[in-house]
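Below is one structure; the comments refer to it alone.
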Amino acid sequence: MIVRQAFFEGTVHSGKEDRFRTYVAEKLMPMWLAFPGVKEVRVLYNFERDDGAPSYPMVLSTVYESREALGAALQSPVRYESREMTKGLMEMFEGHIHHHVFDLALS
């Protein structure tokens with residue numbers, strides 16, 4: 001299994017936290033769930049971190065069967081639509097997004 005995570009590094013604008021979460025749930029989650037081949041979509045919201053650790057108010061985690069399935073999802077039209085929709089989310093967020101791809105070791 002392949003896991004692709006998007007780390008939102010920075011801060012949600014003060015007072016926009018609920019609006020941020022609503023935007024994710026109503027506008028972005030349906031798109032992320034429509035990625036071809038996606039097996040699982042999880043959105044994690046931070047509520048605590050170690051002193052001195054970077055701020056990641058949100059992490060998006062998606063799971064795919066293989067690297068090929070991930071590649072197909074990243075080439076799909078819905079991915080480009082979701083990137084466009086993410087611009088609205090970024091109006092409530094100060095920072096940047098970076099992606100990491102992991103090989104999920106199953107026990």
Side-chain angles (χ1 to χ4, degrees):
M1 299 295 264
I2 301 298
V3 179
R4 184 172 192 256
Q5 293 187 314
F7 292 88
F8 286 68
E9 183 174 5
T11 56
V12 176
H13 295 164
S14 181
K16 304 283 186 184
E17 296 85 359
D18 289 341
R19 188 168 154 224
F20 184 90
R21 287 181 181 216
T22 298
Y23 193 94
V24 168
E26 293 179 358
K27 303 218 181 260
L28 290 167
M29 184 60 88
M31 292 179 151
W32 295 334
L33 289 168
F35 275 42
V38 71
K39 297 292 183 189
E40 178 182 291
V41 178
R42 289 188 183 194
V43 175
L44 310 168
Y45 293 108
N46 181 267
F47 65 88
E48 187 176 300
R49 67 181 188 271
D50 290 344
D51 290 340
S55 174
Y56 298 107
M58 187 180 98
V59 175
L60 166 64
S61 181
T62 56
V63 178
Y64 297 89
E65 194 70 39
S66 64
R67 292 181 66 97
E68 294 77 21
L70 171 60
L74 294 179
Q75 295 301 316
S76 70
V78 71
R79 190 247 182 142
Y80 294 99
E81 293 166 12
S82 74
R83 287 178 73 183
E84 190 65 28
M85 186 65 70
T86 299
K87 291 178 182 177
L89 189 69
M90 296 305 286
E91 293 173 6
M92 298 174 262
F93 180 75
E94 185 68 35
H96 64 277
I97 305 168
H98 50 95
H99 296 83
H100 298 260
V101 178
F102 299 92
D103 184 13
L104 179 62
L106 301 174
S107 53

Quick one: [atom1] on [X] to [atom2] on [Y], what's the gap to the nearest 0.5 Å?
| X | Y | atom1 | atom2 | result |
| --- | --- | --- | --- | --- |
| Tyr80 | Gln75 | OH | CD | 4.5 Å |
| Phe7 | Leu44 | CZ | CG | 9.0 Å |
| Arg49 | Tyr56 | CZ | OH | 10.0 Å |
| Leu74 | Arg83 | CG | CZ | 9.5 Å |
| Met58 | Leu28 | CE | CG | 7.0 Å |
| Leu104 | Glu65 | CG | CD | 10.5 Å |

Do [X] and [Y] belong together in a cluster built from hydrophobic side chains that touch within less than 4.5 Å?
| X | Y | result |
| --- | --- | --- |
| Val59 | Val12 | no |
| Leu60 | Ile97 | yes |
| Met29 | Val38 | yes |
| Val101 | Val41 | yes |
| Met1 | Tyr64 | no |

>> Can you confirm whether more than 12 heavy atoms, excluding those of Arg42, are under 6.0 Å from its CZ atom?
In response: no
> Do Glu81 side-chain atoms and Arg79 backbone N/O form a donor-acceptor pair below 3.5 Å?
Replying inline: no
>> Please check: side-chain N/O of Thr62 versus main-chain N/O of Arg4, any donor-acceptor pairing under 3.5 Å?
In response: yes
Any idea which heavy atoms bring [X] and [Y] closest together, and the distance?
| X | Y | result |
| --- | --- | --- |
| Pro36 | Ala73 | O-CB, 3.5 Å |
| Arg67 | Ile2 | N-CG1, 3.6 Å |
| Ser55 | Thr11 | OG-CG2, 4.2 Å |
| Phe102 | His100 | CE1-CB, 3.6 Å |
| Tyr23 | Met85 | OH-O, 2.7 Å |

Show me the side-chain donor-acceptor pairs of residues 86-95 shorter than 3.5 Å, one per line, residues at least two apart or across chains.
| unit_1 | atom_1 | unit_2 | atom_2 | d |
| --- | --- | --- | --- | --- |
| Thr86 | OG1 | Ser82 | O | 2.7 |
| Lys87 | NZ | Glu84 | OE1 | 3.0 |
| Lys87 | NZ | Glu84 | OE2 | 3.4 |

>> Go through it in stages, so that I can follow the logic: the residues are Val24 and Trp32, the test is side chain to side chain contact (heavy atoms under 4.5 Å, CB included), and I'd like the CA-CA distance, side-chain angles, deciding distance and then a yes or no.
In response: CA-CA 10 Å; Val24 168; Trp32 295 334; 3.8 Å; yes
